[in-house]
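Only one structure is covered here, and it is reproduced in the block below.
Fair warning: this is a prediction, and the values are worked out from it, not measured in the lab. Residue numbers start from 1 in every chain, and the chains themselves are labelled A, B, ... in the order their sequence lines are given, proteins ahead of strands.
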There are 2 protein chains.
Amino acid sequence: MSTHGHTETWIERAEAVLSAAGHKRGGARRAVIELLDSQSCALTAVEIEDALRTGERGVSRASVYRVLDELEALRLVQRVETGQAMVRYERVCEQGGHHHHLVCDSCGLVMPFSDEALERAIDKLSERVPLRVSEHEIVLHGSCHDCRDD
Amino acid sequence: MSTHGHTETWIERAEAVLSAAGHKRGGARRAVIELLDSQSCALTAVEIEDALRTGERGVSRASVYRVLDELEALRLVQRVETGQAMVRYERVCEQGGHHHHLVCDSCGLVMPFSDEALERAIDKLSERVPLRVSEHEIVLHGSCHDCRDD
DNA sequence: AATATCACAAGACTGAGTCTCATTCTTGGT
DNA sequence: ACCAAGAATGAGACTCAGTCTTGTGATATT
């Protein structure tokens, strides 16, 4: 890795972006960021609150939501609407991390997937549609291997 | 139109499916069905409750949710997750009515759209994915013509 | 170190959605 | 028509994710 082209971790990028946006540092935000960084899949706000309370550093509910809002506004985290009552959040990785989600309606399992053809279809579509498309998060519903019984 | 091949309205189909599923008739359900039939785009449960209270036939909150659940289970209505805090519902039309939604994150406008290439991409995708895909509802976010300022 | 400002915690509050249960309506059988 | 069984409904209590308020503590700048 060269000096200025090195691969930055998500935490490092998050700290840099937050600082550039004029935010001071704080323990609650740090705790939320570290938890999000340690997870590979999307968490709900309540899951985050519970995990932190059980863990080393409790963080109040208001702080969890505030931090998630800040991170979302800076495109550091992304909402995932799984249709499961609670919104989920996951960190946004820059390089090739673009993926969508499969949700099993029976057991609630959430799985990531990605597909080139789908991306192309959406890119083209975006040009024809009366909306400047900013983000897309596709969620497909169905039943997973263990729930093939409906 | 022939005698048995005639085009059935959504209301007629709904009544038939409900009856076949062993449901008796009732005023609340009828009112919800008529409202959904009169709408071209998706409504939230609260919008439905309000519209009915203001209209001819008030329907209690419990009934609105109960009826929507029943209709969804029978695939007569479809949920639309717009990421706007409240789930929306719209009737499911059989012939070619398959469409998705654009949501303006600034003003909350919800617009329908459909796209053949997108459908094809999803159909192909469904075969490669570890999930028996039952439904898909794509929601694209962005800003509409009137909100081009972010 | 003083100060101004941001970050935070605690908990009251809001409101969408659920649950319960008593009452009313439908419908099939008589 | 009448009646009984069971479905449909209404009213409101209840749950709980998410918001808002306020007082306190942390942080950076001078």
Side-chain angles (χ1 to χ4, degrees), chain A residues 14-36 42-74 76-77 79-89 108, chain B residues 14-36 42-74 76-77 79-89 108:
Chain A
E15 302 264 307
V17 170
L18 282 164
S19 171
H23 287 279
K24 296 181 178 177
R25 288 183 295 165
R29 185 188 296 131
R30 176 81 200 185
V32 172
I33 288 176
E34 284 179 356
L35 177 62
L36 285 174
L43 295 177
T44 67
V46 172
E47 285 169 354
I48 293 170
E49 189 183 356
D50 289 347
L52 293 174
R53 182 174 342 99
T54 313
E56 310 213 336
R57 172 66 155 81
V59 170
S60 77
R61 181 180 314 173
S63 294
V64 171
Y65 286 107
R66 191 187 320 107
V67 170
L68 288 173
D69 286 346
E70 291 164 355
L71 294 175
E72 190 194 357
L74 295 170
L76 289 165
V77 307
R79 299 167 136 258
V80 181
E81 311 274 348
T82 62
Q84 293 173 311
M86 280 184 287
V87 175
R88 290 177 176 274
Y89 296 86
Chain B
E15 303 265 305
V17 170
L18 282 163
S19 171
H23 287 280
K24 296 182 177 176
R25 286 184 296 163
R29 186 189 293 133
R30 177 80 199 185
V32 172
I33 288 177
E34 284 179 356
L35 177 62
L36 286 174
L43 295 177
T44 67
V46 172
E47 286 168 354
I48 292 170
E49 189 184 356
D50 290 347
L52 294 174
R53 181 172 345 96
T54 314
E56 310 213 336
R57 171 66 156 82
V59 171
S60 76
R61 180 181 315 173
S63 294
V64 171
Y65 285 106
R66 195 185 310 112
V67 169
L68 288 173
D69 285 348
E70 292 164 355
L71 294 176
E72 191 195 356
L74 295 170
L76 289 165
V77 306
R79 299 168 135 256
V80 181
E81 311 274 347
T82 61
Q84 293 174 312
M86 280 184 286
V87 175
R88 290 178 175 274
Y89 296 86

Separation of atom [atom1] in [X] from atom [atom2] in [N], rounded to whole Å:
X      : N       : atom1 : atom2 : value
D69(B) : dA16(C) : CG    : P     : 17 Å
Q84(B) : dG17(C) : CD    : P     : 12 Å
R88(B) : dG17(C) : CZ    : P     : 11 Å

Per [X] side chain, nearest of listed nucleotides [options]:
X      : options                   : answer
V67(B) : dG17(C), dA8(D), dT9(D)   : dT9(D)
R57(B) : dG10(D), dA16(C), dG18(D) : dG10(D)
R29(B) : dC8(C), dG18(D), dA8(D)   : dA8(D)
K24(A) : dT5(C), dT18(C), dG10(D)  : dT5(C)
M86(B) : dG17(C), dT27(C), dA17(D) : dG17(C)
V59(A) : dA9(C), dG6(D), dG17(C)   : dA9(C)

Which is true for [X] with a 4.0 Å heavy-atom rule: it touches a base, it touches only sugar-phosphate, or it touches nothing?
X      : value
R66(B) : base
A62(B) : base
R30(B) : nothing
G22(B) : nothing

Original post:
Side chain of Q84(B), backbone of G108(B): donor and acceptor closer than 3.5 Å?
Top reply: yes
Original post:
Does R57(B) CZ have over 12 foreign heavy atoms under 6.0 Å away?
Top reply: yes
**OP:** Answer yes or no: are there more than 12 heavy-atom neighbours, outside R53(A) itself, under 6.0 Å from its atom CZ?
**Re:** yes
Does OP1 or OP2 of [N] have a side-chain N or O of [X] closer than 4.0 Å?
X      : N       : answer
R25(B) : dT9(D)  : no
R61(A) : dA10(C) : no
Y65(B) : dG17(C) : yes

**OP:** Could you tell me which non-hydrogen atom of Y89(B) sits nearest to which non-hydrogen atom of L36(B), and how far apart they are?
**Re:** O-CD2, 4.2 Å
